[in-house]
Amino acid sequence: MTDLNISRSPEFLQERVSYLEESNQRFMLILEMLASSSEFQSDLSRAKDGEGIFKATALQLRRLFSFNAMGFFDSMPDGSFELLVADPAGSYGTLQTLVETRIMDGTFAWAINRNQAVLVPTDGGETLLLQVVATQSRVRGMFAGTLPGSSAAMDAASLNALSIVLYTCAYALESAVLYGMLRDHTQHLEERVQMRTRDLEVARRQAEAASQAKSDFLANMSHEIRTPMNGVLGMTELLLQGGLTPLKEKQFLHAIKDSADSLMLIINDILDFSKIEAGKFTLEHKPFNLRDMVARCLDGLAVKGEEKGLKVIHRIDPSVPAALVGDPGRLRQVLTNLVGNAIKFCREGEINVEICLFPQETDKVILHVSVTDTGIGIAEEALKRIFNQFEQADSSTTRKFGGTGLGLAICKKLVEMMDGKIWVESQLGVGSCFQFTARFLLGNEASRPADGEAPLVSSPAGQAPLDILLVEDVEINRLLVQAMLEPHGHRIISAEDGWKALEAYESKRFDIVLMDVQMPGMDGLQATRAIRKYEHTRGRSEPVPIVAMTAFAGNEDRQICLDAGMDDYLAKPITTAKLLQLLDKFCRRAEPVESAAGDIPVTSAPIALPNERDESVAVFAQDELLERLGGRSEMIPRFVGLFCKGFFPQLEGLVAALAAEDAVAVRLHAHAIKGAAANIAALRMQKAAAIIENAAKEGDLTEAPQRLVLLQLEYRAFTEAVCAMGLVAEA
Ligand code: ADP
């Protein structure tokens with residue numbers, strides 16, 4: 001112990017004291033720095049970003065260390081480090097160079113993986129201190145500082161103090177990043193909330209508009225239904241009161257039929273639309289002649305146009321092939337709707353229908369159809385809307401012109417099903433041009449339209465009396481069918497449901513069964529199955545033809561009936577013509593055929609003809625008739641014979657009505673001739689009769705005698721044509 005004291009000289013002790021004083025001072029500084037950490041914390045919390053945090057950290061470090069220069073390298077997402085802040089600013093380049101050298105020699109990477117500072121001498125005689133700035137989970141950057149002297153050493157306490165400060169700095173950086181993310185997220189959230197609010201607002205407005213459109217639709221619909229319904233009820237009441245002349249009765253019945261026809265149109269629209277909506281709508285796929293179809297469709301509409309003084313003109317580009325395969329009925333529906341609208345919304349001028357070809361694929365044909373009118377036009381804002389269901393351009397238009405707002409929505413869906421598009425260009429007060437495209441397959445010119453496509457022709461009389469079992473639960477429908485068939489000599493036995501039908505069938509042989517589908521108790525499908533089973537077990541050699549009569553009018557409904565064992569299908573409303581055609585189809589027990597020969601009573605006087613003779617229309621469109629007859633050319637002579645036979649009484653009636661100057665009777669006879677001529681495809685006669693009918697509708701009989709001559713001449717032309725074609729039955 002004594003030896004130790006002796007060996008310690010005053011110099012040694014002095015040195016020792018100085019060292020302790022220095023350490024003491026150092027500890028004091030560290031304590032001071034730690035004491036000022038609350039200031040540091042508040043500097044950090046004020047800092048908005050990495051740069052601010054580094055600056056606050058540099059300030060704190062200066063309290064303890066005498067760095068010549070300090071810099072913070074920020075850790076980039078790609079793994080590199082970028083000098084963000086240098087203190088003093090002028091030392092940026094020097095620090096950059098110093099650190100780059102250490103990156104090259106691996107010291108930098110070594111420093112990243114150490115928790116402590118790494119001290120290396122620089123070429124300029126200083127010491128470079130590198131210490132990673134990291135939290136427990138992430139490296140946020142690197143601190144670099146230069147100390148005076150090439151071999152500067154730092155005591156452990158100072159190094160710990162440095163670590164504490166940089167650790168705090170790293171957490172402040174992490175908080176700043178999290179805060180930034182939070183702020184971005186909040187901002188994003190706010191934007192999303194605003195966007196969603198806007199979307200909801202739009203959806204709310206759309207829902208309100210849709211609900212308004214539906215209310216308008218219901219109001220229109222009830223108006224559209226009530227008007228013809230009132231007609232039906234009023235006229236029926238008058239008829240029931242009795243005391244009317246036969247002519248008046250006929251007039252009223254025609255009015256009732258017109259009203260019922262327009263009701264049917266509305267109901268068909270609604271049915272079509274709901275079927276499309278339910279995805280139950282399928283297109284047919286069969287050969288047809290485009291030119292014939294368009295001509296037939298537009299001829300009927302042209303008559304409607306003429307009533308308003310409008311011309312309906314159509315042109316089919318010569319490059320468009322006539323023979324196509326697709327759904328002619330639905331194409332006709334779209335065309336009818338667009339031209340019908342054009343006529344409805346036009347006061348004067350003309351309606352032009354153009355059909356041309358879009359660039360064609362090998363076996364496909366894309367038609368481009370445009371319907372241009374000189375009507376009231378459509379406001380810009382309504383152009384897109386009118387293709388939506390229940391939408392109309394404006395409600396005042398609706399009140400004036402009527403309509404339900406379903407037509408264009410149906411057209412759009414149909415056209416889309418035909419791989420096409422529909423659009424409109426329009427100018428208020430100038431007119432509109434509706435256009436659509438539709439895709440078809442190229443047909444074979446020689447191909448005949450499929451059986452059953454054509455509308456049934458009227459009244460094939462000459463059928464021997466038949467025994468008919470009519471199964472129908474609604475009394476009025478039973479009466480209707482009876483009234484239609486009994487005048488033709490047929491005997492009707494009625495059954496109100498499937499059970500009664502089965503009973504009747506077991507007790508007697510029938511030539512045909514007309515079967516309603518929906519009935520209480522045993523329905524039509526069950527009854528058919530039961531009849532087929534009965535036939536099978538009793539070994540009846542010839543199964544009876546069973547034909548469905550139903551208001552369900554789709555292809556699938558037809559298939560369901562056929563699957564149940566029925567032979568055919570008749571969509572309601574049923575007409576006499578359809579029924580007779582059906583009987584003819586299934587029960588051919590024809591009486592001797594009629595002849596078309598006979599003298600033609602042409603008025604002799606060479607009266608100047610009105611210039612209404614339309615040479616461009618065919619006298620007799622044999623193909624059209626053939627199409628209606630499902631290609632059965634052998635039936636033509638008989639139908640021609642029947643037509644000729646039926647023409648004379650109507651012509652006599654027309655002549656008598658003209659003599660009596662009875663415009664109503666003239667109209668009725670001309671109408672009957674027009675209808676019969678249309679059915680037999682005597683197109684020129686049809687047109688001549690239509691002109692008389694339309695004039696008579698206006699009460700104008702002034703030119704009727706000349707027009708009558710024209711009609712007779714067309715009749716003669718027709719009979720000459722059919723004779724020349726050898727289409728007249730032997731007498
Ligand atoms: P509807 O005619 O039964 O109301 P649509 O769907 O066929 O229904 O037509 C919708 C609306 O489009 C019509 O109410 C009318 O406002 C407008 N529109 C359709 N065609 C024309 C046209 N050719 N000219 C002017 N407006 C038309």
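Each ligand, and each atom within it, is numbered from 1 in the order the structure gives.
- Residues Asp272 and Arg330 are paired through a salt bridge, judged by an N-O separation under 4.0 Å between the basic side chain and the carboxylate.
- Residue Leu406 approaches ligand 1 through these ligand atoms, each under 4.0 Å from one of its heavy atoms: 6 (O), 8 (O).
- One option in Val424, Thr374, Ile386, Leu383 has a heavy atom closer to atom 17 (C) of ligand 1 than any other, and that option is Ile386.
- Ion pairing of Asp292 with Arg296 is absent here, as no side-chain N (NZ or NE/NH1/NH2) approaches a carboxylate O to less than 4.0 Å.
- Taking CD1 from Ile276 and CG from Leu271, the interatomic distance works out to 11.0 Å, rounded to the nearest 0.5 Å.
- Atom CG of Leu414 and atom CD1 of Ile422 lie 9.0 Å apart (nearest 0.5 Å).
- Under the 30°/60° scheme for interplanar angles, the aromatic rings of His368 and Phe358 are found to be tilted.
- Heavy-atom proximity to Gly377, at under 4.0 Å, picks out these atoms of ligand 1: 25 (C).
- With respect to Leu298, the side chain to side chain contact (heavy atoms under 4.5 Å, CB included) criterion is satisfied by exactly one of Arg332, Met293, His314: His314.
- Every atom of ligand 1 is numbered from 1 in the order shown, and the set under 4.0 Å from a heavy atom of Phe434 is 19 (C), 20 (N), 21 (C), 22 (C), 23 (N).
- Taking 4.0 Å as the cut-off, Gly375 does not count as a neighbour of ligand 1 on heavy-atom distance.
- Within ligand 1, the atoms closer than 4.0 Å to a non-hydrogen atom of Asn337 are 7 (O), numbered from 1 in the order shown.
- The proximity of Leu338 to ligand 1, defined as any non-hydrogen pair under 4.0 Å, does not occur for either the backbone or the side chain.
- Close contacts of ligand 1 with Lys344, meaning ligand atoms under 4.0 Å from a residue heavy atom, involve 1 (P), 2 (O), 3 (O).
- Considering backbone and side-chain N/O atoms, Leu408 comes within less than 3.5 Å of an N/O atom of ligand 1.
- For Arg196, the CZ atom is loosely surrounded, since the number of other residues' heavy atoms within 6.0 Å does not exceed 12.
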